Protein chains: 2
Amino acid sequence: MMSEKIDLRRIARELNISVSTVSRALRDSHEISVETKQKVFALAHQLNYVPNPYASSLRRQKSKTIGVILPELPNNFFTHVVNGIEYVARQKDYHVLIYITHEQASQEKALIRHLQSGRVDGVLASVCAQTNDIEHFLGLIQLGIPLVFFDRVYEEIGVPTVTTNDYEASFAATEHLIQQGCKHILHVCLPLHLSISRKRLEGFCAAMKKYGLLVDSHSWLVADDMESFYRALETRLIGNCAPDGIFASVEKLAITVYHICQKRGIRIPDQLKVLAFSNLETAALLAPPLTTVTQPAFEMGKKAAEILFRKIEKRREIFEEQHYVIPSALIARASTLGRLSYPKFSEEHVAMNAEK
Amino acid sequence: MMSEKIDLRRIARELNISVSTVSRALRDSHEISVETKQKVFALAHQLNYVPNPYASSLRRQKSKTIGVILPELPNNFFTHVVNGIEYVARQKDYHVLIYITHEQASQEKALIRHLQSGRVDGVLASVCAQTNDIEHFLGLIQLGIPLVFFDRVYEEIGVPTVTTNDYEASFAATEHLIQQGCKHILHVCLPLHLSISRKRLEGFCAAMKKYGLLVDSHSWLVADDMESFYRALETRLIGNCAPDGIFASVEKLAITVYHICQKRGIRIPDQLKVLAFSNLETAALLAPPLTTVTQPAFEMGKKAAEILFRKIEKRREIFEEQHYVIPSALIARASTLGRLSYPKFSEEHVAMNAEK
DNA sequence: TATTTTTATGCAATCGTTTTCGTAAATTTT
DNA sequence: AAAATTTACGAAAACGATTGCATAAAAATA
């Protein structure tokens, strides 16, 4: 049943050579003769030898593993990011450990602390919404473990980041709503600890001001938790100072908007126009199709991983402070367009400028 | 900058005791005095000591890591499964390595082969659609590495599986379509290598036969790749023997159906009723809301992980052959309901019986 | 031919923890 | 008080792969 363990010793014994020779042969060292190498390769393959990664990692102080920390997994943005990361990791022959914080700072802290063990050669992280405490990340950095933030970043600490053009995309999205006739736009977002929340709110406010529209603390609504957000938003939407446009900072919040509208019979886009940062693959199939700011999720993951590997491969690199920005695309659909009634609508792609 | 490494040796030296004592103290061994333990704990905490997992894994022959193999990540079903897995792994203080095969058998083989190295203590897998070669999985099993399949399984080899009640759910779904008046139902599915494809097709055929409806090789359409599937389906839907109902075996295919209907102006549910196995969180918001067979994704992941840990913890367990089945729920929405016109529709939950 | 260099290999230390096996000292039992 | 046991710790051998150093044999050079 359970066959005998296959290790270097076994191969060495069988070929009557030393363990070190086998090791070197398998790594294709130039100091091993061609015949020996061939014998070793052949036997290793025949025995289906796979080196023990823990022994190897211990000795070489290299885990061939990266850790990915993200707030939640069932989320179209993050899954595509992970796909991008996995794409690069695969090429580099690296393994990917996944950690989900569920937006809880305590879990994030515990995770990061654990990763100080050397289990991973580098970390990619998108921080959780619950806190803005960065202590734990500093610990990682002090140990010299490469770190790259994506999407939800801390820019203060000298760590490379990969984001989309949150401010500009948000500005353009707001402008789009205004051009469609909205005067009372409500911006709904996650806690303002988050970089994305702040930047997107800033872009929103700037656009509002540019067009002389009122912006005050009632112009946005922060979702601390989904239940209370649902209630607060519902109250707001059926009240007498209901907005005529909603700009959701993240997908999840837009879905809540749709649910409330469906429940309350609020007609989109006639009564209320809706727009959101979203990577929903069914955006075009919703009732009505949702206008989105679509983030380059896969590319962001890919780029973040590439930067991480660059850091892993040559640690010395002086120019730490790198902030990559990959632009999002505004895709206008029926939820914000004129008084076209479903299903007649057109799609329009507006790519925004990159910034580096 | 990069602070000196903190290991057991360092703590031992600092406290003037031996390394073995420190190790035992940290594992709270009874053969270490209370005072010594306290000193060790205090210093370890102060120095922010985190044990090297590779050294530990090497010595204990235990990685505290499990591997999850799945065909794709941006998929509502799989992300919830991974969430369930992560939930259990977290409790057990285990780490989760993620591997995505992208439906390619070659990648699956390579991955599984790599996992024979002892990198993981166990493997959870949902097999890829491209092949039905199981050789590589047998290799894992022979090495005594616990394996559990979920969703897309191979039942032939004696490995525990966690699935939903594919046959029954499929039967009930088909019955639902028939009861709504469909006579010419087209079942669209993934390649029939896959357990889920076969079982769902069987459930579909059985229900059709029960109601005396014709079933032949034109009753189903297999999606080998999405491009040709799109074309084949489009041709079928606009042809003169177009079906009046579509039952999609997986979410992705239903989305294609919606896209084609939107493009071709086919009205759902008037002209065509649509139903799918799906965990789409926006199912109720689509135009029209999509009737789904919703799988208990999180629970499936959770259960699969629990079984895996049971195998990891006590390998001897004789009763290998365990097949867990967790029932899906049919949620009827507008896409299959009478001639109600959007947005008036009602939701109805039909839970089906469990089977063990 | 004597000497140096190259080639191909083996020995043994190392990575950081865990654990088996001892063993003084302290404690309990006869 | 002698003997047996318990307590608390240390020395050293693992775990499996890698690698610096040493070295015999072969080849190249003087």
Side-chain angles (χ1 to χ4, degrees), chain A residues 4-41 43-44 47-65 93 114-121 143-144, chain B residues 3-41 43-44 47-65 93 114-121 143:
Chain A
E4 198 210 337
K5 190 176 356 184
I6 312 289
D7 55 10
L8 289 185
R9 210 180 342 263
R10 165 81 184 276
I11 296 178
R13 200 185 326 125
E14 212 129 319
L15 292 176
N16 224 23
I17 55 180
S18 79
V19 172
S20 45
T21 300
V22 177
S23 173
R24 277 187 266 248
L26 288 174
R27 311 198 126 259
D28 204 21
S29 160
H30 65 278
E31 29 182 6
I32 301 298
S33 72
V34 184
E35 312 99 68
T36 307
K37 277 187 199 171
Q38 282 176 346
K39 279 194 302 184
V40 172
F41 278 132
L43 185 58
L47 294 178
N48 198 24
Y49 168 76
V50 190
N52 181 313
Y54 295 104
S56 180
S57 292
L58 177 59
R59 178 60 229 248
R60 311 186 90 187
Q61 304 288 50
K62 209 125 199 30
S63 65
K64 284 248 163 200
T65 304
D93 207 25
H114 183 99
L115 292 184
Q116 309 203 357
S117 63
R119 186 181 284 274
V120 297
D121 294 344
L143 251 82
Chain B
S3 42
E4 198 210 337
K5 191 175 355 186
I6 312 290
D7 56 10
L8 289 185
R9 207 177 350 256
R10 165 83 185 274
I11 297 179
R13 200 185 327 127
E14 211 130 320
L15 291 176
N16 223 23
I17 55 182
S18 79
V19 172
S20 45
T21 300
V22 178
S23 174
R24 276 187 270 247
L26 288 174
R27 308 197 128 260
D28 204 23
S29 159
H30 65 277
E31 30 182 4
I32 301 298
S33 72
V34 184
E35 312 98 67
T36 306
K37 277 187 199 170
Q38 281 175 347
K39 280 193 302 182
V40 172
F41 278 132
L43 185 59
L47 293 178
N48 197 26
Y49 168 76
V50 190
N52 182 312
Y54 294 104
S56 180
S57 292
L58 177 59
R59 179 60 230 243
R60 311 187 88 188
Q61 303 288 55
K62 211 133 199 19
S63 65
K64 285 251 165 196
T65 303
D93 206 25
H114 183 101
L115 291 184
Q116 309 202 358
S117 63
R119 186 181 284 273
V120 297
D121 293 345
L143 251 83

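Numbered from 1 within each chain, the chains take letters A, B, ... in sequence-line order. The structure presented is a predicted model; accordingly, all values stated were derived computationally and were not measured.
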Could you pick out which residue, S18(B) or R60(A), lies toward the 5' side of DNA chain D when each is mapped onto its nearest nucleotide? S18(B)
Find which nucleotide of DNA chain D each of S23(A) and T36(B) is nearest to by heavy atoms, and output the residue with the more 5' nucleotide. T36(B)
Whole-Å distance separating the OH atom of Y54(A) from the P atom of dG16(C): 17 Å
Output yes when a side-chain donor or acceptor of Y54(A) lies under 3.5 Å from a complementary backbone atom of R119(B), and no otherwise. yes
Charged N to carboxylate O under 4.0 angstrom, E14(B) versus R10(B)? yes
Indicate yes or no for a side-chain donor-acceptor contact from T65(B) to the backbone of S63(B) under 3.5 Å, with no hydrogens or angles considered. yes
Using a heavy-atom cut-off of under 4.0 Å over every strand shown, decide if S20(B) touches base, sugar-phosphate, or nothing. base
Nearest-Å distance for atom pair CG/C1', residues L15(A) and dT9(C): 14 Å
Would you kindly compare K37(A) and A55(A) by the position of their nearest DNA chain C nucleotide and give the one closer to the 5′ end? K37(A)
Return the value, rounded to whole Å, for the distance between atom CG of L58(A) and atom C1' of dT14(C). 9 Å
Can you measure I6(B) atom CD1 to dT17(C) atom C1' for me and round it to whole angstrom units? 16 Å
For a quick test of reading the model: is some side-chain N or O of Y49(B) closer than 4.0 Å to OP1 or OP2 of dT17(C)? yes
Whole-Å distance, K62(A) NZ to dA17(D) C1', equals 16 Å
Quick one: does R24(A) reach the base of dG20(D) with a side-chain donor-acceptor pair under 3.5 Å? yes
Measure from the side-chain N and O atoms of K62(A) to the backbone N and O of V120(A), and report whether any donor-acceptor pair falls under 3.5 Å. no
Return the value, rounded to whole Å, for the distance between atom CD of E31(A) and atom C1' of dA26(D). 16 Å
Can a donor-acceptor pair under 3.5 Å be found between the side-chain atoms of S33(B) and the base atoms of dC9(D)? no
Take the protein atom CG of L8(A) and the nucleotide atom P of dC15(C), then report the distance between them rounded to whole Å. 19 Å
Is it the case that the base of dG16(C) and the side chain of R59(A) share a donor-acceptor contact (distance under 3.5 Å, atom types as modelled)? no
Taking CZ from R9(B) and C1' from dT17(C), how many angstroms apart are they, rounded to a whole number? 10 Å
Verify whether one side chain among S20(A) and S23(A) offers a donor that lies under 3.5 Å from an acceptor in the other. no
Taking donor-acceptor contacts at under 3.5 Å, does the side chain of Q61(B) reach the base of dC15(D)? no
Give one of base, sugar-phosphate or nothing for S57(A), where a contact means two heavy atoms less than 4.0 Å apart. nothing
